[in-house]
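The chains referred to below are lettered A, B, ... by the order of the sequence lines, with proteins before strands, and numbering in each begins at 1.
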Number of protein chains: 2
Amino acid sequence: IIEVKNIHKTYIMGDVEVHALRGVSLEIEQGEFVAIMGASGSGKSTFMNILGCLDVPSKGEYFLDGVEVGKLNKDELAGIRNQKIGFVFQGFNLLSRTSALENVELPMFYNNVTNTYRQEKALEALRIVGLAERSHHMPNQLSGGQQQRVAIARSLVNNPSIILADEPTGNLDSRTSIEVMEIFQQLNEKGITIILVTHENDIAEYATRNVIFKDGKIQKDFSVGKR
Amino acid sequence: IIEVKNIHKTYIMGDVEVHALRGVSLEIEQGEFVAIMGASGSGKSTFMNILGCLDVPSKGEYFLDGVEVGKLNKDELAGIRNQKIGFVFQGFNLLSRTSALENVELPMFYNNVTNTYRQEKALEALRIVGLAERSHHMPNQLSGGQQQRVAIARSLVNNPSIILADEPTGNLDSRTSIEVMEIFQQLNEKGITIILVTHENDIAEYATRNVIFKDGKIQKDFSVGKR
Ligand SMILES: Nc1ncnc2c1ncn2[C@@H]1O[C@H](COP(=O)(O)OP(=O)(O)OP(=O)(O)O)[C@@H](O)[C@H]1O
Ligand SMILES: Nc1ncnc2c1ncn2[C@@H]1O[C@H](COP(=O)(O)OP(=O)(O)OP(=O)(O)O)[C@@H](O)[C@H]1O
Ligand SMILES: [Mg+2]
Ligand SMILES: [Mg+2]
């Protein structure tokens, strides 16, 4: 389902080049549960942004369901992002002037769904992450972990086949983290591919495969026994 | 050094009241190393904002070095925040249009220091957190963990006597987390009071005291053997 071939990403800042990704190749099958780990700055979020069709590599190819993403036009890319992929950003990326409910509804505005369906679907997603009572709060009226859970809820509403979650439990206490990981586990049991970045071993144990990044490359890539 | 008496914080949203803190009392001596834990939404950041003189309680008193904070005027509060307290925000709160270096220099603009001193002090703080090579990057040109470390560096530059750190390792891999905790440990050995919010037990183990929040109150408050 995901095939990445020799991906490079270089940021050019004046006369300095930052090589965030230096030749990353990997294949992920539908239904896998992959945990990506590695040092701060090793390229994990950069890689996730490319997988999520939010950024393009400087070099190399990315095939999603057999389609080469680099050859798609803007509308086709937007369509894929919206329908196939649910993304939980490391920094949440919530809109500050809209409520939790409206933030979760947002991905559904691109689809042909009724207002009723959209609101009920969003409320259901908030309920799943334990935030039904905070639906009218603005992001700055939510705790850090609540903002994170709104971002998680938002990633679920279009029934994506792939969920990309970048440090989804970074601001969550142990019990709430377990609740979130059980959500991902249930989705994975239904066949949804889960790729998540984490720095916590307890969280990585929910995955069946670990990929370790180091200095913009994959250092290790191995299967792990299921929890 | 810190004395909090029956602190309440209530947010009023139309006809709904959110009781974020419901009677919190505690005393912290100079030089202590306290880890605050508790479920998402239990009031930890709200409490930290009051300790950091960034917010006022709805009820109750807060004494910092014997001075009742609620009775200070704006300038006196700003002075305390600037000179006594280093704050690491859960969401980093970096200025997006200024570089890492400038973000770290920012707290020093209120003091009478030379430009040279300010820049060298900021560079030293960035070096301590391993980011000397990223000093000219804007926050959106930094990884999540790098942004977090810029926020940590910024909290150090005014040589505060108290550091309040809200989830300072939430986006950091294990090795970088250990480096950051060793920085806090060294500062604590010099007599600086460290109060940090964390959801990770490994991180809480660096502290000599754990305070557990639940539903806006302190559920447990106990000493722990030093690591
Ligand atoms: N400005 C606000 N208006 C209304 N409610 C608020 C506001 N800020 C925080 N809250 C609510 O107060 C409660 C406590 O929030 P707080 O940020 O202190 O929690 P926390 O313990 O830091 O959580 P986390 O571990 O998720 O960061 C939460 O339920 C939150 O929704
Ligand atoms: N827009 C940009 N311009 C320049 N450099 C960048 C930019 N974005 C990221 N970088 C650099 O690329 C490297 C990889 O960043 P990335 O965000 O992928 O790391 P990461 O593995 O997600 O780290 P973390 O665990 O801290 O979130 C970092 O060294 C970072 O400074
Ligand atoms: Mg990252
Ligand atoms: Mg918080």
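No part of Gln148(A) comes within reach of chain B, as not one of its non-hydrogen atoms sits under 4.5 angstrom from that chain. In this structure, chain A has heavy atoms under 4.5 Å from both the backbone and the side chain of Gln146(B). For chain B, the nearby part of Val18(A) is the side chain; its heavy atoms alone come within less than 4.5 Å. Only the backbone of Thr169(B) comes within less than 4.5 Å of a heavy atom of chain A; no side-chain atom from C-beta onward does. Only the side chain of Thr176(B) comes within contact range of chain A, judged by heavy atoms closer than 4.5 Å. Only the side chain of Glu200(A) comes within contact range of chain B, with heavy atoms under 4.5 Å apart.
With chain A as partner, the option from His137(B), Glu167(B), His136(B) having the largest number of non-hydrogen pairs under 4.5 angstrom is His137(B). Of the listed residues Ala39(A), Gly145(A), Gly41(A), the one with more heavy-atom pairs under 4.5 angstrom with chain B than any other is Ala39(A). Top candidate by heavy-atom pairs under 4.5 Å with chain B, chosen from Gln147(A), Arg134(A), Arg175(A), Arg149(A), is Arg149(A).
Remark: Glu133(A) CD is loosely packed, at most 12 non-hydrogen atoms of other residues, nucleotides or ligands lying under 6.0 Å away. A 6.0 Å sphere centred on CD of Gln219(B) holds more than 12 heavy atoms belonging to other residues, nucleotides or ligands. When the shell of 6.0 Å around NZ of Lys84(A) is examined, it contains more than 12 heavy atoms from other residues, nucleotides or ligands. For OH of Tyr110(A), the number of neighbouring non-hydrogen atoms (other residues, nucleotides, ligands) closer than 6.0 Å is 12 at most.
Side-chain contact between His199(A) and Asn171(B) is absent, with no heavy atoms from C-beta onward closer than 4.5 Å. Residues Ser143(B) and Ser45(A) are not in side-chain contact: their nearest non-hydrogen atoms beyond the backbone lie 4.5 Å or more apart.
Here the NZ-CG distance, from Lys44(A) to Asp173(B), works out to 6.0 Å after rounding to the nearest 0.5 Å. If you take OG on Ser174(B) and CE on Met37(A), they are separated by 6.0 Å, rounding to the nearest 0.5 Å. The line from CD of Gln141(A) to CE of Met13(B) is 3.5 Å long, rounded to the nearest 0.5 Å.
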